[in-house]
Amino acid sequence: MYRTHTCGELRIEHINNTVTLSGWVQKMRNLGGMTFVDLRDRYGLTQLAFNMETNAALCEQARKLGREFVVKVEGTVQERSSKNPKMPTGDIEIKVEILSILNKSVTPPFTIEDETDGGDELRMKYRYLDLRRNPVRKNIELRHRMAQEVRRYLDAQKFIEIETPVLIKSTPEGARDFIVPSRMNANQFYALPQSPQVFKQLLMVAGYDRYFQIVKCFRDEDLRADRQPEFTQIDCEMAFVEQNDILDTFEGLARHLFKNILNVTLEDKFPRMAYDQAMTLYGNDKPDLRFDMKFVDLTDLAKQKDFVVFNQAEYIGGICAEGCAGYSRKELDAMTQFVQKPQIGAKGLIYVKYNEDGSIKSSVDKFYTEEDLMAWVELFKAKPGDLLLILPGERNKTLPQLSELRLEMGERLGLRDRKKFVPLWVVDFPLLEWDEDSQRFHAMHHPFTSPKTEDVPLMETDPGKVRANAYDLVINGVEIGGGSIRIFDEDLQKKMFDLLGFTPEEAQDQFGFLMNAFKYGAPPHGGVAFGFDRWVAMFAGIDSIRDVIAFPKNNSGRDVMIDSPSPVAQAQLDELFLKMVQPK
RNA sequence: GGUCUGGUAGUUCAGUUGGUUAGAAUAUCGGCCUGUCACGCCGAGGGUCGCGAGUUCGAGUCUCGUCCAGACCGCCA
């Protein structure tokens, strides 16, 4: 037998018990006459004590252990003569009687400690060692508990978990597909799913009216800290529901997870905000509502004087940064540089200081009187001591720039508290967005999203104005999930494909199976998918989803541990009728 | 596809206007030490300065190219 207990469970009440423990050598402390060894497993640390006086041979053996050796010990639990209140097992130690080395270890390339000395790259290469560290293990365990709670909640709501295929068909819409060549079907390819979208809709047609799956999805696009080529969704679909039924059901899921994992009670009804309003007030379709700082539209008021920068601007908007009137020239310059970064791209930043003493100082004093500026201050509802930050320009460029500025100010003012959680449903997304490159409309959500009934006539006259029955769940400015009520009518779906620029033949070729299915009694249905990795990262209080994935890929989509992707043998290529081409 | 930052001991980093033998901490190894738990003390080994070219009497340092890593933009229905 390898163990009677884990390394995390022995306490003072186990004194005099004879126990067997197995684990890894975390640390050795050789004091000469005595040697202490910290033994580690998933559950904790237990101190092993060896004494030269009582058993010299055993103590000599213990001194030869190295970091990360795997050992089994048998011995007696004894009370420590000097206890360690920082450790759960700090009151006891094992007086070892038998020590067996189960496996040796070479010296690990970095220290297996909470604060490791290893850099990211090295820890990725030796991920199996990094996973031994507490902070990483905690994230993986958190992920497990969240997955279990998702299943518990959805099962109680009569959802059933159904697996869908991974080798499916490539479709032109959306992200780039990963493709898999077929050996048995020469020159034909499977694609890995970007999501199980069409399968879950087919399950609705099949009458499985509440489906879910915690499932891998694949998108061959460039990566970020919060994006991986393969990622996990909580994928859900319901039949015989309207938008509100879905929002209520999944608000329930969110509340369940927050309560059972973080012990955070969220409000009973999540606020809902139309997409247009989110863009106007926050310049962003996923506003962070942990703080207010709404945009104020200054366009009309500011255009009354001889200031050409404003008079030429389509839109002038600003935010009120509370208590920032005391900002120095240096701080204001830093803010200006922030909005001028290429990623943000504003030309400049205008400020108005509403000082504590009621006086006003601005960067546009030459063009506006104190009375003019006082009218701005009133429009912003600013208090003495506040600072107005204003950006002019094209509306659809300035709103996102102002959003970046708002988030930066929120950060500087400490308003983005990681312990605070503010959920929001953003609803009424546009059905389509115009794509300049291809000179056609793209589906903003996906091609199966239903337009709002009252907007259907606009599909003929002004497709860009059509709103969709689509919604995103946003928490703290992070898009946690999104979904829509689907089209379940064959004719409407055809019209949608037509708007997206598919010929009837192309639509039939790509999505014929779905439209055929709709001929056989498709129920009204809709669903939602949550980015599970992002949700776990948020609960873990971190920004990178890599830290909540056991074996993540790097920036370039490589797994540096197994070194993939990698070339394959010529014979494999031949079997698949593939030929290599040298990249330019 | 683009912008920016970085690459020096096993590891994390420092390295001055371009100038002697490239340092520190930690890890590793050896010695001492009977209550440590970031043990302590003494000592030792450990470097193609990512790679290639160039400028120079002289390059870790400057220039160009290249590879790798990270962040961001484009992209991601």
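So that the names make sense, note that chain A is the first sequence line, chain B the second, and so on, each numbered from 1.
Remark: A/Y211 pairs with no residue by the ring-ring contact (aromatic ring centres under 6.0 Å, His included) rule, at least two apart or across chains. Listed by chain and residue number, A/D428 satisfy the salt bridge (charged side-chain N to carboxylate O under 4.0 Å, His left out) test with A/K452 (two or more places apart in sequence, or in another chain). Evaluation of the salt bridge (charged side-chain N to carboxylate O under 4.0 Å, His left out) rule for A/D226 yields A/R534 as partners, not counting sequence neighbours. Residues passing the side chain to side chain donor-acceptor pair (under 3.5 Å) test with A/R127, sequence neighbours excluded: A/D130.
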remark   = Readout for nucleotides 35-42 of chain B: B = base within 4.0 Å of protein heavy atom, S = sugar-phosphate only, - = neither; 5' to 3' it is BBBSB---
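Within residues 488-505 of chain A, no residue is approached by RNA chain B to less than 4.0 Å at the level of any non-hydrogen atom. Within residues 525-538 of chain A, no residue approaches RNA chain B, by heavy-atom distance under 4.0 Å. Listed in residue order, the members of residues 58-69 of chain A having a heavy atom less than 4.0 Å from RNA chain B are A/R67.
Atom P of B/G60 sits at a distance of 12 Å from the matching atom of B/U16, rounded to the whole Å. One P atom belongs to B/C62, the other to B/A14, and the distance between them is 14 Å to the nearest Å. Comparing B/U8 with B/G15, their C1' atoms are spaced 9 Å from each other, to the whole Å. The same atom, C1', is picked in B/G74 and in B/A27; the two are 43 Å apart, to the nearest Å. Nucleotides B/C67 and B/G31 have their C1' atoms positioned 45 Å apart, rounded to a whole Å. Nucleotides B/U61 and B/G50 have their C1' atoms positioned 16 Å apart, rounded to a whole Å.
RNA chain B is contacted by both A/V560 and A/Q194; A/V560 maps to the nucleotide lying nearer its 5′ end (nearest heavy atom per residue). For the pair A/G174 and A/D226, nearest-nucleotide mapping onto RNA chain B gives the more 5' position to A/D226.
Within 4.0 Å (heavy atoms only), A/E113 reaches no atom of the nucleic acid at all.
Pairs engaging residues 477-494 of chain A under the side chain to side chain donor-acceptor pair (under 3.5 Å) rule: A/E237-A/R486, A/H446-A/R486, A/T449-A/S484, A/S484-A/R486, A/E490-A/K494 [sequence neighbours left out]. Applying the salt bridge (Lys or Arg N to Asp or Glu O under 4.0 Å) test to pairs two or more places apart or on separate chains, none has a residue in residues 55-65 of chain A. Applying the salt bridge (Lys or Arg N to Asp or Glu O under 4.0 Å) test to pairs two or more places apart or on separate chains, those with a residue in residues 70-83 of chain A are A/E79-A/K83. Listed by first then second residue, pairs satisfying ring-ring contact (aromatic ring centres under 6.0 Å, His included) with a partner in residues 484-506 of chain A read A/F497-A/F502, A/F497-A/F511, not counting sequence neighbours.
Taking atom CG of residue A/D563 and atom C1' of nucleotide B/A69, one finds them 14 Å apart after rounding to whole Å. Atom C1' of nucleotide B/C67 and atom CD of A/E121 are separated by 12 Å, given to the nearest angstrom. The CZ-P distance, from A/R133 to B/U12, rounds to 13 Å in whole Å. Rounded to a whole Å, the CG atom of A/N554 is 15 Å from the C1' atom of B/G7. Across the protein-nucleic acid pair, A/L122 atom CG and B/A27 atom C1' stand 12 Å apart, rounded to whole Å.
Within the 4.5 Å cutoff, side-chain heavy atoms of A/P109 are placed close to those of A/Y126.
Closest approach to the A/E53 side chain among B/G70, B/U34, B/C72 is made by B/U34 (side chain taken as heavy atoms from C-beta onward). Here the nucleotide nearest the side chain of A/N555, chosen from B/C76, B/G1, B/A71, is B/A71.
Within the 4.0 Å cut-off from OP1 or OP2 of B/G70, not a single side-chain nitrogen or oxygen of A/R224 is found. Taking 4.0 angstrom as the limit, A/S556 places a side-chain polar atom (N or O) nearer than this to OP1 or OP2 of B/A69.
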